[in-house]
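Encoded as structure tokens, the structure appears first; notes follow it.
Throughout, numbering of the chain's residues begins at 1 and tracks the sequence. Worth saying up front: this structure is predicted, and the values here are computed from it rather than measured. Order of listing sets the numbers, starting from 1, for every ligand and every atom in it.
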Amino acid sequence: MLMKPFSLNLNFKTGDLLPHDRTNIRRLSDMKGMFYDSKSEQQILEKENPIIYSFSEKILPEENGHLQLATTRILPGKIGNEYYMTKGHYHKRPDTSEVYLGLEGEGWLLIQTEKGEFESIQIRPGTIAYIPPYWGHRMVNTGSVPFVFFAVYPGDAGHNYGDIERTGFVKILVEREGKPVLIDNPRWKKE
Ligand code: S6P
Ligand code: ZN
């Protein structure tokens with residue numbers, strides 16, 4: 001069936017995408033074990049369960065030829081000295097790419113292959129980052145305000161979180177003397 005063209009409204013400051021079909025909220029309890037300082041994680045969870053990020057999606061057919069549209073808002077904050085971040089994922093169809101556009105706040109895109117090749121790209125409002133096929137991706141908020149970005153990716157890309165949950169990322173972003181620094185992830189293991 002032929003789909004009718006449509007338009008949406010994207011608020012560059014807040015990331016609100018209107019109309020959207022689904023908003024997902026990820027709290028610290030949804031990311032157990034993903035921040036390296038498990039002691040801080042536990043101490044925080046005993047008192048509260050903070051929202052780390054939320055993302056809103058326009059649901060489109062999960063088919064080759066279509067595109068998916070989403071905005072993400074990562075709150076400012078840290079667990080221990082590691083900045084709030086997305087879980088990160090590979091695509092279920094690994095030969096699919098993605099485009100990120102920074103809208104508000106600042107952060108870093110961490111990207112890696114399954115074999116452990118690693119790159120990072122600083123994202124500011126107006127930065128477009130191209131994530132080629134086969135690279136896992138995670139965004140990190142290193143600023144003091146919400147970090148908001150827009151994503152476009154193939155309709156049938158899907159998400160594979162399992163590999164990242166098992167291995168984490170090669171490097172993690174932590175605050176040292178008030179500045180973001182990339183350090184080796186002590187938990188990184190090759191498959
Ligand atoms: C989807 C795209 C984003 C993320 C969102 C949340 O391919 O990369 O919409 O889904 O930023 O991150 P994550 O890693 O929890 O899916
Ligand atoms: Zn993706």
*Could you walk me through whether Trp188 and Lys171 pass the side-chain contact (heavy atoms from CB on, under 4.5 Å) check?*
CA-CA 8 Å; Trp188 161 257; Lys171 290 185 186 282; over 6 Å; no
*Answer yes or no for Arg138 and Phe35: cation-pi contact, defined as NZ/CZ to six-membered ring centre under 6.0 Å and angle to ring axis within 45°.*
no
*Ion pair Lys87/Glu165, N-O distance below 4.0 Å*: yes
*Is the shortest distance from a Lys or Arg side-chain nitrogen in Arg27 or Asp30 to a carboxylate oxygen in the other one below 4.0 Å?*
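The answer is no: the pair does not qualify as a salt bridge.
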*In terms of hydrophobic clustering (I, L, V, M, F, W, Y; side-chain heavy atoms under 4.5 Å; direct or indirect links), are Phe6 and Leu18 co-clustered?*
no
*Tell me, which residues have any heavy atom less than 4.0 Å from some atom of ligand 1?*
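Near ligand 1, by chain and number: Arg26, Tyr53, Phe55, Ala70, Thr72, Thr86, Lys87, Gly88, His89, His91, Glu98, Tyr100, His137, Phe149, Tyr153, His159, Tyr161.
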*Nearest non-hydrogen partners of Phe169 and Asn185, listed with the distance*: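 Closest approach of Phe169 to Asn185, heavy atoms only: O-ND2, 2.8 Å.
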*Check the angle between the aromatic planes of Tyr53 and Phe55 and answer parallel, tilted or perpendicular using the 30° and 60° thresholds.*
parallel
*Among side-chain atoms of Glu57 and His20, is any donor-acceptor pair under 3.5 angstrom?*
no
*Could you pull out the N/O/S protein atoms under 2.8 Å of the Zn ion (ligand 2), ignoring any water?*
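Result, waters dropped: His89 NE2, His91 NE2, Glu98 OE1, His137 NE2.
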*Evaluate side-chain contact (heavy atoms from CB on, under 4.5 Å) for Asp37 paired with Glu41, printing each intermediate quantity in order.*
CA-CA 6 Å; Asp37 187 344; Glu41 176 193 277; over 6 Å; no
